[in-house]
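Report on the structure given below.
A quick note: this is a predicted structure, and the numbers were derived from the prediction, not measured.
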Amino acid sequence: MKISIISPNPGHLQDMRKVLEARSHVVSPFEGGKSRMQWVVERSAPELLLVDGMCCDPHELAMVEQLTMRHPAISVVLMCAMQTPEFLILAMRSGVREVLPSPPDPAALEAAVERIALKMAGTQAREPGQVVAFMPCKGGSGATFLATNIGHQLSMRRSVLLIDLNLQFGDALSYVCDLRPTCTVADVARDIGRLDASLLAASAVTVAPGLSILAAPEDLSRALEVKAEHIDAILQVAVAQYDFVLFDLGLRIDPLAIRVMDRADRIFPVLQPSLPHIRNVTRLMQMFKSLGYPAGKVELLVNRSAGGTEIGLSDMRRSLGGATLVSVPDGGKDVDASINRGVPIAEMSRGSALSKRLVEIAQALSPRQKEAPGFIGRLFRRA
């Protein structure tokens, strides 16, 4: 389960984190008070929110009720040192699932989370995650940069697993963090017989609260261990656990890439406005047609598109028979700095045209759902 914890006490945060991570939950701790609840929900999109440091004051429950009404899918558990029967009753009326002592006993915390997990499993029929494949039409097209940074944008509100399937030269992880993987997709393939949600989550590197990356093997010889049937098994587990499963494919069109593209909801070939890229993407489009992919499944990402180049978007549309083109502006030196430092572009130049475009693409992939109506709205609807 994806759990966020808010507490003004760093010791409480670490203790709860250890207890929950030992049960294979994905935990995001945030130091601070209850006033950060809304910010934490927007930042980490948890399934369960634990709020420590509540006072036994019924007036504090107003902001809790606002949160539970706006985000009915999120379970909220409060922790406070003192509890009165009146506070407990009002807490339940405000939409809180449970109230625990602060700090919580580890066994009581585990039991409460387990109860909520069982209840959620029984009430929520989770939609399988979307599968999106990014592939370069030519070396240096920017497919890895776009895959990692669109994944980073998606993770602001949804859970995302990016699988680096450029098995020989993949380095997607280094585009958004400086961590080194302890497991790779080759390790998962080797242990495919015992693959489950816990193993998949433990094998991926957690880059941000909503973004994990399953890295490509660093040893080139291990690329041969990954077979097409492994992709099926990994996808079966991944789409049940994540809202989005992104693949960063390499240049090679092999059985692995075709297996991913067969299963993908969308394919984003990445090209730049140049004749060599257009020649390659023309061949790719012919291959997609021969594989029977519907036209709406493939959208071309035109990276570094800008006015004034010899080949404009209208020229490309004519050359590519009216294919769907999604333009991405050139980020200039910010892109080089982002890649060299291993920091998402949104954290380096949030206001740039490139960052804004990536936000738009992520929102198109995952349209924001309408917020639940507020209390006043509910009253009017009942009237």
Side-chain angles (χ1 to χ4, degrees), residues 2 21 24-26 129 131-136 139 142-152 154-155 159-264 270 338-344:
K2 194 176 175 186
E21 286 186 338
S24 299
H25 296 292
V26 178
V131 180
V132 182
F134 294 79
M135 63 182 310
T144 299
F145 174 81
L146 293 180
T148 50
N149 281 277
I150 290 173
H152 178 257
L154 283 169
S155 72
S159 58
V160 179
L161 174 67
L162 188 148
I163 300 175
D164 191 346
L165 213 61
N166 184 0
L167 294 177
Q168 293 186 328
F169 299 105
D171 58 354
L173 182 62
S174 68
Y175 278 57
V176 284
C177 77
D178 60 359
L179 300 173
R180 293 182 67 83
T182 56
C183 293
T184 70
V185 66
D187 296 300
V188 174
R190 180 175 288 179
D191 288 333
I192 203 70
R194 63 184 192 90
L195 178 64
D196 59 13
S198 299
L199 177 60
L200 184 59
S203 301
V205 177
T206 302
V207 175
L211 176 61
S212 298
I213 293 181
L214 183 57
E218 295 187 358
D219 183 346
L220 297 182
S221 64
R222 299 203 60 196
L224 299 175
E225 298 177 18
V226 184
K227 309 295 183 187
E229 56 267 28
H230 298 149
I231 298 300
D232 290 333
I234 293 172
L235 266 177
Q236 183 176 358
V237 175
V239 297
Q241 301 299 321
Y242 297 88
D243 297 320
F244 282 89
V245 181
L246 310 184
F247 281 91
D248 181 25
L249 302 176
L251 267 173
R252 295 175 55 180
I253 303 297
D254 56 17
L256 289 180
I258 292 176
R259 186 64 62 94
V260 169
M261 291 189 291
D262 285 346
R263 296 287 306 275
V270 179
S338 166
I339 295 171
N340 289 333
R341 298 179 190 178
V343 176

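Considering CZ of Arg252 and CZ of Phe169, their distance stands at 9.5 Å, rounded to 0.5 Å. Rounded to the nearest 0.5 Å, atoms NE2 (His230) and CD (Glu225) are 9.0 Å apart. Here Met135 contributes atom CE and Thr144 contributes atom OG1; the two are 12.0 Å apart, rounded to the nearest 0.5 Å. A distance of 11.0 Å separates CG of Asp196 from CG of Asp191, quoted to the nearest 0.5 Å. Between the CG atom of Leu167 and the CG atom of Leu165 there is a distance of 4.5 Å, given to the nearest 0.5 Å. Atoms CG and OG1, from Leu161 and Thr206 in turn, are 10.0 Å apart once rounded to the nearest 0.5 Å.
By the 6.0 Å contact criterion, CD on Glu21 is enclosed, its count of non-hydrogen atoms from other residues, nucleotides or ligands being greater than 12.
Side-chain contact between Gln236 and Leu195 is absent, with no heavy atoms from C-beta onward closer than 4.5 Å. Taking 4.5 Å as the limit, some side-chain heavy atom of Val260 sits within range of a side-chain heavy atom of Ile231. Residues Ser203 and Leu214 are in side-chain contact: their nearest non-hydrogen atoms beyond the backbone lie under 4.5 Å apart.
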Where do Met261 and Leu249 land on the side-chain contact (heavy atoms from CB on, under 4.5 Å) test, with the steps shown first?
-> CA-CA 10 Å; Met261 291 189 291; Leu249 302 176; 4.1 Å; yes
Go through Thr148 and Leu211 one step at a time and tell me if the side-chain contact (heavy atoms from CB on, under 4.5 Å) criterion holds.
-> CA-CA 9 Å; Thr148 50; Leu211 176 61; over 6 Å; no
When you look at Phe247 and Leu256, which way does the side-chain contact (heavy atoms from CB on, under 4.5 Å) test go after all the steps?
-> CA-CA 11 Å; Phe247 281 91; Leu256 289 180; over 6 Å; no
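Tyr175 pairs in a side chain to side chain contact (heavy atoms under 4.5 Å, CB included) with only one of the listed residues (Ile339, Val343, Leu146), which is Ile339.
With Asp243 contributing its side chain and Ser159 its backbone, the two residues share a donor-acceptor pair below 3.5 Å. Formation of a donor-acceptor pair under 3.5 Å by the Asp164 side chain with backbone atoms of Ala172 is found in this model.
Of all heavy-atom pairs spanning Arg194 and Leu199, the tightest one is O-CD2, 3.7 Å. Of all heavy-atom pairs between Val132 and Phe134, the closest is CG1-CE1, 3.7 Å. Considering all non-hydrogen atoms of both residues, Asp187 and Arg222 come closest at OD1-NH1, 2.9 Å. Of all non-hydrogen atoms in Gln168 and Leu220, the two that sit nearest each other are O-CD2, 2.5 Å. Residues Pro136 and Ala143 approach most closely at N-CB, 3.7 Å, considering heavy atoms. For the residue pair Val185 and Pro217, the shortest heavy atom distance occurs at CG1-CD, 3.8 Å.
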